[in-house]
Amino acid sequence: MRVTLCLAQDTDADALLDRDPLALLIGMLLDQQFPMERAFAGPALVAQRLGVDRLDARELAEYDPDALVAVFTGPPAVHRYPKSMAQRVQALASTIVDRYDGDVTALWSDAATGKELFTRLAGLPGFGTQKAQIFTALLGKQRGVTPDGWREAAGGYGEDGVHKSVADVVDAATLGKVRDYKQAAKAAKKAAAG
């Protein structure tokens with residue numbers, strides 16, 4: 001089952017995410033310390049500035065690093081940390097080229113199990129356990145990538161009927177529910193620490 005993506009809450013940016021798996025992976029990379037919908041709109045800004053309708057791992061990996069920082073800086077900036085995120089995107093693209101011959105879908109197309117998929121994602125630059133779990137859930141819930149055990153590999157993000165992460169965002173209303181969940185989790189963590 002594939003769902004039409006609605007992560008950036010912008011028709012053109014979401015259309016890119018929908019047709020370009022590398023853009024989707026980059027959006028997930030950018031989704032930190034920045035509003036989720038702006039992070040997932042970032043790949044469309046990069047593509048527009050590069051004059052392309054799809055992002056290419058080889059092109060990004062080989063791009064002049066200073067020029068890529070300029071692409072990320074804008075205005076508007078692709079992320080609140082344009083230099084470090086340009087470097088992370090370039091490292092991610094290089095890894096996709098080195099490990100998967102530039103084909104981002106090879107990350108998941110032949111993963112035999114959810115655990116293997118999660119392990120591959122967790123091994124990417126800029127991806128830790130939580131980000132790999134969320135992207136595993138996003139692939140399963142919205143892209144139809146469902147190797148055996150994918151829900152377990154995604155942890156709590158793989159549960160059905162929850163609104164915990166970007167994996168559960170299908171429209172503006174579910175984005176609001178995910179925000180509410182995150183705010184409640186943050187408040188609970190602060191209360192437990194304080």
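Since the structure is predicted, the reported quantities are computational estimates derived from the model, not experimental observations. Values below: all heavy atoms of this structure, side chains included; hydrogens, waters and symmetry mates excluded. Starting from 1, each residue takes its place in the sequence as its number.
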For [X], look at atom [atom1] and say whether over 12 heavy atoms of other residues, nucleotides or ligands are found less than 6.0 Å away.
{"X": "Q130", "atom1": "CD", "answer": "no"}
{"X": "D110", "atom1": "CG", "answer": "yes"}
{"X": "K83", "atom1": "NZ", "answer": "no"}

Check your understanding: Out of curiosity, Y100 OH to S109 OG, how far, rounded to the nearest 0.5 Å?
Key ->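 Reported to 0.5 Å precision, the distance equals 9.5 Å.
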Practice item. Report the C-alpha separation of D101 and R58 in whole Å, then their side-chain angles, then the decisive distance to 0.1 Å, and conclude whether the salt bridge (Lys or Arg N to Asp or Glu O under 4.0 Å) test is met. Key: CA-CA 9 Å; D101 198 30; R58 288 187 197 288; 2.6 Å; yes
Review point. In terms of the angle between their ring planes, are W108 and F135 parallel, tilted or perpendicular, with boundaries placed at 30° and 60°?
Key: tilted
Check your understanding: Any salt bridge between R143 and D18, counting N to O under 4.0 Å?
Key -> yes
**Study point:** N/O donor-acceptor pair under 3.5 Å between Q90 side chain and L60 backbone
**Key:** yes
Exercise for review: Quickly, which of V104, L24, D20 forms a side-chain contact (heavy atoms from CB on, under 4.5 Å) with L55? Name it, please.
Suggested key: D20
**Study point:** Residue pairs passing the salt bridge (charged side-chain N to carboxylate O under 4.0 Å, His left out) test where at least one lies in residues 154-165, sequence neighbours excluded
**Key:**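 Every salt bridge (charged side-chain N to carboxylate O under 4.0 Å, His left out) pair that includes a residue of residues 154-165, provided the two are not neighbours, is E159-K164.
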Review point. Taking the six-membered ring for Trp, is the centroid-to-centroid distance between Y181 and H163 below 6.0 Å?
Key: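 So the answer is no for these two rings.
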Exercise for review: Check the side chains of D98 and T95 for a donor-acceptor pair under 3.5 angstrom, ignoring hydrogens and angles.
Suggested key: no
Check your understanding: What are the two closest heavy atoms between R54 and R19, and how far apart are they?
Key ->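 Minimum heavy-atom separation between R54 and R19: NH1-O, 2.5 Å.
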